[in-house]
Amino acid sequence: MHRPKVMTVYGTRPEAIKVAPVIKGLALDDRFRSTIVSTGQHKEMLAQVNSMFDINPDYDLKLMKHGQSLNELVSRCMLGLDEIITAEDPDAIIVQGDTSTAMAAAHAAFHKGVKVVHLEAGLRSGSIFNPFPEEANRRVVAQLASLHLAPTSAAKDNLRRENFHSDDIAITGNTVIDALVEAARWTSSFQDERLEALANTRDRVVLVTTHRRENLNVMTEIGTAVHDLAVKYPSVYFALPLHLNPLVRNVVMPKVENLDNVIVTDPLPYDQFVSLLSRSSLVLTDSGGVQEEAPSLGKPVLVMRNNTERPEAIAAGTVKLVGTNQSRIVAEASLLIENRAAYVAMGNAVNPYGDGRASERTIAAIAELLGVGDRLPDFFNN
Ligand code: UD1
Ligand code: UDP
């Protein structure tokens, strides 16, 4: 029997986390041959995830370069993938989400006549300038994809409104919840001594992450908001595993580095990050993945952005959009730190993004696309 070859291409930390359960599933499935390609858009942050999930890419384009432009990244990515696609001749290529890697890989596949499978399809913020360039990337991938794997019914509705055919869309749930379920089985301690000490106390912890490109010009506001909160609440700890982008670090570090109750670390390995998330009482973030993970752990999230392509947890009441203005961030976080009723109202554990079986549904939908199996019923989130 013909065993179709499925190539998974990824390049950044969140893509790695979200494709890991699919790569694992494909490796165990005799119907497929699987090839793993890292573009290396990220380096250290990607190596952390590969080692955590024990994934060894067959190819690594090693694209990360400090300060490179989006055009340089995308063009190097397409050139590198062109050679690999020629050599491997896959039947389908999986891309995940909205990164430059995903957009370039979808285009490279399309140019070579290879079917594109889009994992985490159909999220829409409504503005191609925010998040930039991610919203446009995700829309471009949709135009090129043969199979759209929507995490939620709202994501499918977005695709239907854009006239993508219902038969080409499966609702799978988000594979990040599969990864989170897997991580919950790992036992891990913190390498950082301050985090390890904190883990064994009852002190309150606020987890902060920030990295979005469109927030780089307001990083000072975000850094100053964390500074002000830390000064205002000396008995609350603020944990910041900082993205390695120097444009983030060089602005945020000076604002917070001399405060005893702010713990700045390098990016944490996924197991330690999930432990920290579980240990936290409140999350301030501009991350996409963290917006999906925190609600399923019942953690209130304040999203430091002006819009989001992930409305489900906002509707459930666990996530609130607060923008990037310093005084608004301080006011909204203060409310949750001081007002028990406001905090409890946001602290419901909800799972609109998945049930831990998204990778099974993903692989079943790919099997149908490639003529070696049948789909599973859609994930039902409302
Ligand atoms: C990228 C994605 C974004 C995603 C984010 C996840 C695009 C356009 N952006 O943004 O959608 O939310 O990844 O984190 O695809 N760096 C390191 N080591 C690393 C990783 C990054 O030093 O392991 C530094 C480098 O200087 C690099 C910079 O961070 O140039 C920015 O990386 P890049 O991938 O261009 O953008 P992100 O902001 O990480
Ligand atoms: N994450 C991690 N270590 C960290 C910070 C985040 O493993 O120090 C994980 C987090 O659990 C989530 C993903 O990285 O799954 C989110 O990545 P990021 O915020 O960089 O990108 P986005 O999701 O916004 O694209």
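Each ligand, and each atom within it, is numbered from 1 in the order the structure gives.
Scanning the protein heavy atoms around atom 35 (O) of ligand 1, the nearest turns out to be Arg213 NH2, 3.2 Å. Among protein heavy atoms, the minimum distance from atom 3 (C) of ligand 1 is reached at Glu134 OE2, 3.1 Å. At the top of the distance list for atom 23 (O) of ligand 2, counting protein heavy atoms only, stands Gly289 N, 2.7 Å. The shortest contact between atom 21 (O) of ligand 2 and any protein heavy atom is with Pro14 CG, 3.4 Å. The nearest heavy-atom contact from the protein to atom 8 (O) of ligand 2 is Leu268 N, 2.8 Å. Distance from atom 5 (C) of ligand 1 to its nearest protein heavy atom, with residue and atom name: His211 NE2, 3.6 Å. Here the heavy atom of the protein found nearest to atom 14 (O) of ligand 2 is Arg13 NE, 3.3 Å. The closest protein non-hydrogen atom to atom 19 (O) of ligand 2 is Ser287 OG, 2.7 Å. Distance from atom 9 (C) of ligand 2 to its nearest protein heavy atom, with residue and atom name: Ile17 CD1, 3.6 Å.
The local environment of CG in Asp374 is sparse, with at most 12 non-hydrogen atoms from other residues, nucleotides or ligands closer than 6.0 Å.
Only the side chain of Glu293 comes within 4.0 Å of ligand 2, counting heavy atoms alone; its backbone N, CA, C and O stay farther away. Heavy atoms of Phe273 found under 4.0 angstrom from ligand 2 belong exclusively to the side chain. Only the side chain of His211 comes within 4.0 Å of ligand 2, judged by heavy-atom distances.
With sequence neighbours excluded, no residue forms a ring pair (Phe, Tyr, Trp, His ring centres under 6.0 Å) with His227. Phe53 pairs by the ring pair (Phe, Tyr, Trp, His ring centres under 6.0 Å) definition with Trp186, Tyr270, not counting sequence neighbours.
Note on ligand 1: Arg212 sits in its first shell, one or more heavy atoms being nearer than 4.0 Å. Within the structure, ligand 1 has Lys65 among the residues with a heavy atom less than 4.0 angstrom away. Every heavy atom of Thr209 sits 4.0 Å or more from the atoms of ligand 2. Residue Arg212 places a heavy atom less than 4.0 Å from ligand 2. Ligand 1 has at least one atom lying under 4.0 Å from a heavy atom of Leu70.
Using a 4.0 Å cut-off between charged side-chain N and carboxylate O, Arg249 and Asp266 make a salt bridge. With respect to Arg138 and Glu120, a salt bridge is recorded, a charged nitrogen being found less than 4.0 Å from a carboxylate O. With respect to Asp355 and Arg361, a salt bridge is recorded, a charged nitrogen being found less than 4.0 Å from a carboxylate O.
Rounded to the nearest 0.5 Å, atoms CG (Leu282) and CZ (Phe238) are 8.0 Å apart.
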